[in-house]
Amino acid sequence: MKKKLASLLVATMSVGLLAGCGGSSDTAATQAPAAASTEAPAAESAEAATEALTEAAEEAAASGDVITVGFAQVGHESDWRTASTNSVQAALSAENGIDLQFVDCDNDSAAQLDAVRNFIQQGVDYIVIDPIVSTGWDTVLTEADDAGIPVIVIDRTIDDSDKYVSWVGSEFTNEGLAAGEWLKEYAADKGISEINVLVISGTTGSSAQLGRTKGFDQYVESEGWNKLDEQTGDFTQDGGQQVMESYLKSYAGQFNVVVCQNDNEAFGAIDAMDAAGVSYGVGGDVILISFDACKAGLQDVLDGKINADFQCNPLQGPDCLNIIQKLQAGEDVPKQTFMAEPWYVSEDNLTSITYTNNAGEEVTEDLVHVDQSVVDAAY
Ligand code: AHR
């Protein structure tokens, strides 16, 4: 760690961690709605962060005294992940005074722990982690804390340690709840009285999988839907295709809803259903629900292949930069920041949904009817 930064960082970490233990951050955690952020939404903070390069960072860049950041990324399993990597690499750039050391952990939790330990040994100034799974973190985060290195968590959550300075990501349970509420209202509107659903879940133990399953299952229970099966496709297209091929053998003619926990799994499920001659999407026999809302996913919504797609926003690079700049300037940072995330639909029969979110608040949120301009603007 650069000497001139060290004392500032120690002081800042103390402030940040104290703030994280206090009422305001806990309030932020429990009160933030699905489509709201404790800070500016990503697009706004992208501009703000890019434009507002702090004096400290400018000075550091000019003097060659760069800030070193280690980023332990999940892997490269999806379109979402590519967008996430690009976003972080664009924001934590040399021109912003940052030397970014990037490790693709290829969805291997042990490799991710090793990567973080390597960053600690190197004495980087900050560590950014997108945790593959939500538990098993306390020991290594304690090591980072002992070394005086602030840890920033993005996207997925760490659920068994609070030894990080700040997290920015998605409210995955709200994504699952929104999908459940949409299906309930869509089925009622279409006169569909029986729901037999197959779920292709994401990486087991990731907070994205846990939250989406938890939220959707609340509706399975309250509505008396029949969940025939849930197997992991590991957030990949191949995984989605393999699980769907297996479902088509085991549950032929028994299901009318498929929930894929990300777009790439949906692409694989679509290939499997096409090969089996099963119709899906608008006017089909199977309602297809997905998460992420990447550009290719929204193209499928526009084409009527995916009925509804619940966005998970991967553009956290600018927020990361903003957090680092604030820490550099000795400012407080929020313990949690929720990304703004809209919900997208293929048909215009429903324009909004009202549901009780994970914070216990009744919220009404718009459904975005996808047209070409929506696809063009997607990540
Ligand atoms: O953690 C975010 C999830 O991980 C996205 O839904 C998925 O596409 C990615 O692989």
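Nothing fancy with the numbering, it's 1 onward along the sequence. Indexing begins at 1, ligand by ligand and atom by atom, following the structure's order.
Any N or O atom pair closer than 3.5 Å counts here, and Trp80 shares no such pair with ligand 1.
In this structure, Trp343 has its ring center at least 6.0 angstrom away from the ring center of Phe291. Taking the six-membered ring for Trp and the full ring otherwise, the centers of Trp225 and Phe216 sit less than 6.0 Å from each other.
Ion pairing between a basic and an acidic side chain is recognised when a charged N comes within 4.0 Å of a carboxylate O; Asp155 and Arg81 show such pairing. Between Lys227 and Asp217, at least one side-chain N (NZ, or NE/NH1/NH2) sits under 4.0 Å from a carboxylate O, which counts as a salt bridge. Salt-bridge annotation for Glu143 and Lys163: absent, with no side-chain N of the basic residue lying under 4.0 Å from a carboxylate O of the acidic one.
Between atom 5 (C) of ligand 1 and the options Asn313, Thr236, Asp292, Asp79, the minimum heavy-atom separation is to Asp292. For the residues Glu265, Arg156, His76, Gln261, the heavy atom positioned nearest atom 3 (C) of ligand 1 is part of Arg156.
Residue Glu77 has at least one heavy-atom neighbour below 4.0 Å for each of these atoms of ligand 1: 4 (O), 9 (C), 10 (O). In summary, the atoms of ligand 1 found under 4.0 Å from a heavy atom of Asp155, numbered by their order in the structure, are 1 (O), 2 (C). Applying the 4.0 Å criterion to heavy atoms of Arg212 picks out, from ligand 1, the atoms 6 (O). Interface of Ser78 with ligand 1, defined as ligand atoms under 4.0 Å from a residue heavy atom, comprises 7 (C), 8 (O), 9 (C), 10 (O). Atoms of ligand 1 found under 4.0 Å from any heavy atom of Arg81 (numbered from 1 in listed order, with element): 1 (O), 2 (C), 4 (O), 9 (C), 10 (O).
Counting non-hydrogen atoms of other residues, nucleotides and ligands closer than 6.0 Å to CD of Gln372 gives a total above 12.
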